[in-house]
Chemist: 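Have a look at this one before I ask anything.
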There are 2 protein chains.
Amino acid sequence: MERLPKRQRHQQLSKLLDENPFLTDRELTRQLKVSIQTIRLDRLELAIPELRERLKLMAERSYDSVRSLPLHEVIGDILDLQLDKSGISLFEISDEHVFSRTGIARGHHVFAQANSLAVAVINDEIALTASADIRFIRPARLGEKCIAKAYVRASGEQKGKAKIEVFTYVGEEMVFQGNFIIYRSAGESKT
Amino acid sequence: MERLPKRQRHQQLSKLLDENPFLTDRELTRQLKVSIQTIRLDRLELAIPELRERLKLMAERSYDSVRSLPLHEVIGDILDLQLDKSGISLFEISDEHVFSRTGIARGHHVFAQANSLAVAVINDEIALTASADIRFIRPARLGEKCIAKAYVRASGEQKGKAKIEVFTYVGEEMVFQGNFIIYRSAGESKT
DNA sequence: ATAGCCTTTAATACCTGGTGCCAAAAAGTT
DNA sequence: AACTTTTTGGCACCAGGTATTAAAGGCTAT
């Protein structure tokens, strides 16, 4: 026993099931050359559920992800909001948001976070994006936490058009910058 | 027996499983007030597989749709694509895309369609949005079918930057217009 | 070496959610 | 009454496990 095989096997097992979650324990024994009990102990230690549970989880995920499409309502979690002044939101880049080959976020998700925040920060019944001028400064990657900061430059309470600037950062680095013009109903009675 | 109950029950059974495919036969007996054998005969006649098979099928479906996911990568259905020239996509505004109170689409969904199309039309390993200048001309509403048309104005095969113009229409009316600058890997295949 | 530990394998009982098959009861038809 | 269809019940069996107990192999420290 080289003191390693177990951890190595755990890694291999995770990898195998990651590649093909449809494997039974018995099929795993063939690949890993250990007894079925060992496989089961390994799954136990790694907190990997049995085949049927895995299938059920996948089925459930796909079942309710039919409704919760990638782009929902507000993209990102609002961390701070000062109506008609500024706002901050957090959005973590996960698998669904990236090009699978490169792990780089598709631009519209980063845009969606900024756009959602720009709309949210406007204190009005109805707020719609009229136009925007945006720049993707560097790609956002899988796993990165994007912090978007929105500043209202002209609230346009009379004119019906607000001007908002949004900067999105990953850590210290700016990944996105946008200038939004938002239509507002000017009735100014927040939800 | 009124000669009907069987067919009625079959319909009800189909409906129940359609609404919730996670029901076991035993749970179905409670809803339909017949024995478990009857449920099983019914499933047999209707060619409805057992719970575990259903879950497996759902899991498989979601699994390959994650694997071969150009459908997920692009928002909207591509109707026509001439690489490095032009492209057309269709995106129907449904519940998930609108502000519930007004039925008006959130801007980032309309943007996502245009952005996806702009990226798709570029014939390259890697294509990333660098910047965009966009205008929402009139709101898109629940149920409307948005047709986005992208035209490559400068393919930038040497310079690494392509310029693409996208117009989105609902019927005759233009709802969105955008100018995109897309980075392309230009010959080199990997980053 | 002997004890103590971890790891692996084995054996057994039990579980869920079924299938397959056969038989009998109940209901509906002629 | 005789017949058909529908429903129910019972039993054996299966896959793919869990849970538990036990034993064997290997490694280390004293």
Side-chain angles (χ1 to χ4, degrees), chain A residues 1-68 94-96, chain B residues 1-69:
Chain A
M1 214 160 284
E2 305 100 60
R3 209 75 207 160
L4 283 173
K6 192 174 179 183
R7 295 213 171 147
Q8 278 185 353
R9 197 181 54 236
H10 280 189
Q11 284 209 315
Q12 248 195 310
L13 190 144
S14 302
K15 193 183 147 204
L16 281 169
L17 286 180
D18 208 53
E19 282 165 9
N20 181 4
F22 297 86
L23 293 171
T24 63
D25 288 356
R26 198 158 299 281
E27 284 164 332
L28 288 166
T29 64
R30 288 178 205 126
Q31 311 236 3
L32 297 178
K33 306 287 184 195
V34 288
S35 73
I36 201 160
Q37 287 81 357
T38 303
I39 299 287
R40 286 171 180 169
L41 282 173
D42 287 354
R43 274 200 299 100
L44 201 67
E45 285 187 69
L46 295 170
I48 297 173
E50 61 167 295
L51 170 64
R52 287 163 176 173
E53 279 307 307
R54 295 197 299 270
L55 295 184
K56 193 176 172 191
L57 286 172
M58 293 173 71
E60 278 168 352
R61 247 195 310 132
S62 83
Y63 193 66
D64 43 49
S65 85
V66 171
R67 336 234 124 132
S68 68
S94 61
D95 291 333
E96 321 87 87
Chain B
M1 222 155 276
E2 309 95 63
R3 209 76 207 158
L4 284 172
K6 192 176 177 181
R7 295 210 172 148
Q8 279 185 350
R9 196 183 55 236
H10 280 189
Q11 285 210 315
Q12 248 197 308
L13 190 144
S14 302
K15 194 183 145 204
L16 280 170
L17 286 180
D18 209 55
E19 285 166 4
N20 181 6
F22 298 87
L23 293 170
T24 64
D25 288 356
R26 199 159 297 280
E27 285 164 332
L28 287 165
T29 64
R30 289 178 204 128
Q31 311 236 3
L32 297 178
K33 304 287 181 195
V34 288
S35 74
I36 201 161
Q37 288 82 355
T38 303
I39 298 288
R40 285 169 182 172
L41 283 173
D42 287 352
R43 275 200 299 102
L44 201 67
E45 287 185 68
L46 294 170
I48 296 172
E50 61 168 295
L51 170 63
R52 286 161 177 174
E53 279 308 306
R54 295 197 299 271
L55 296 185
K56 193 177 175 190
L57 286 172
M58 292 172 71
E60 277 168 353
R61 246 196 311 130
S62 82
Y63 192 67
D64 354 292
S65 81
V66 167
R67 290 258 122 153
S68 64
L69 90 171

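Since we're looking at a predicted model, the values are computed, not measured. Order of the sequence lines fixes the chain letters, A, B, ..., with proteins taken first and strands second; residue numbering starts at 1 for each chain.
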Chemist: Classify Gln37(B) by what it touches in the nucleic acid, base, sugar-phosphate, or nothing, heavy-atom distance under 4.0 Å.
Modeler: base

Chemist: Compare all side-chain heavy atoms of Leu57(A) with those of Arg54(A) and state whether any distance is below 4.5 angstrom.
Modeler: no

Chemist: Rounded to whole Å, how long is the line connecting atom CD1 of Ile48(B) with atom P of dG17(C)?
Modeler: 18 Å

Chemist: What is the nucleic acid contact for Arg54(A), judged by heavy atoms within less than 4.0 Å: base, sugar-phosphate only, or nothing?
Modeler: nothing

Chemist: Would you jot down, in residue-number order, the residues of residues 14-32 of chain B having a non-hydrogen atom under 4.0 Å from DNA chain C?
Modeler: Thr24(B), Asp25(B)

Chemist: What is the distance from CD of Glu50(A) to C1' of dC14(C), rounded to the nearest Å?
Modeler: 14 Å

Chemist: Taking the side chain as every heavy atom from C-beta outward, state whether Leu32(B) and Thr38(B) have any pair of such atoms under 4.5 Å apart.
Modeler: no

Chemist: How many whole angstroms separate atom CD of Glu53(B) from atom P of dA15(D)?
Modeler: 13 Å

Chemist: Does Arg9(B) have a side-chain nitrogen or oxygen under 4.0 Å from the phosphate oxygens OP1 or OP2 of dT6(D)?
Modeler: no

Chemist: State, with a plain yes or no, whether a side-chain heavy atom of Leu51(A) is found less than 4.5 Å away from one of Leu55(A).
Modeler: yes

Chemist: Grab the CG-P distance between Asp42(A) and dT7(C) for me, whole Å please.
Modeler: 10 Å

Chemist: With respect to the phosphate group of dT9(C), does any side-chain polar atom (N or O) of Ser35(A) fall under 4.0 Å of OP1 or OP2?
Modeler: yes

Chemist: Yes or no on side chain to side chain contact (heavy atoms under 4.5 Å, CB included) for Arg30(B) and Glu27(B), after CA distance, side-chain angles and deciding distance?
Modeler: CA-CA 5 Å; Arg30(B) 289 178 204 128; Glu27(B) 285 164 332; 3.6 Å; yes

Chemist: Report the distance from atom CZ of Arg40(A) to atom C1' of dA10(C), rounded to the nearest whole Å.
Modeler: 12 Å

Chemist: Just checking Leu41(A): base, sugar-phosphate only, or nothing, at a heavy-atom cut-off of under 4.0 Å?
Modeler: base

Chemist: Start with the C-alpha gap between Arg40(B) and Asp25(B), add the side-chain angles, then the distance that decides, and say whether side chain to side chain contact (heavy atoms under 4.5 Å, CB included) holds.
Modeler: CA-CA 7 Å; Arg40(B) 285 169 182 172; Asp25(B) 288 356; 2.9 Å; yes

Chemist: Taking atom C1' of dA19(D) as reference, at what distance in whole Å does atom CD1 of Ile39(A) sit?
Modeler: 18 Å

Chemist: Looking at the base of dG16(D), is there any donor atom on it, or on the side chain of Arg52(A), that sits under 3.5 Å from an acceptor on the other one?
Modeler: yes

Chemist: Nearest 0.5 Å please: distance from the CD atom of Gln11(B) over to the CG atom of Leu46(B).
Modeler: 10.0 Å

Chemist: Taking atom C1' of dG16(D) as reference, at what distance in whole Å does atom CG of Leu55(B) sit?
Modeler: 14 Å

Chemist: Over how many whole Å does the gap from Arg43(A) atom CZ to dA19(D) atom P extend?
Modeler: 10 Å

Chemist: May I ask you to test the Leu13(B)-Gln31(B) pair for a side-chain heavy-atom distance under 4.5 Å?
Modeler: no

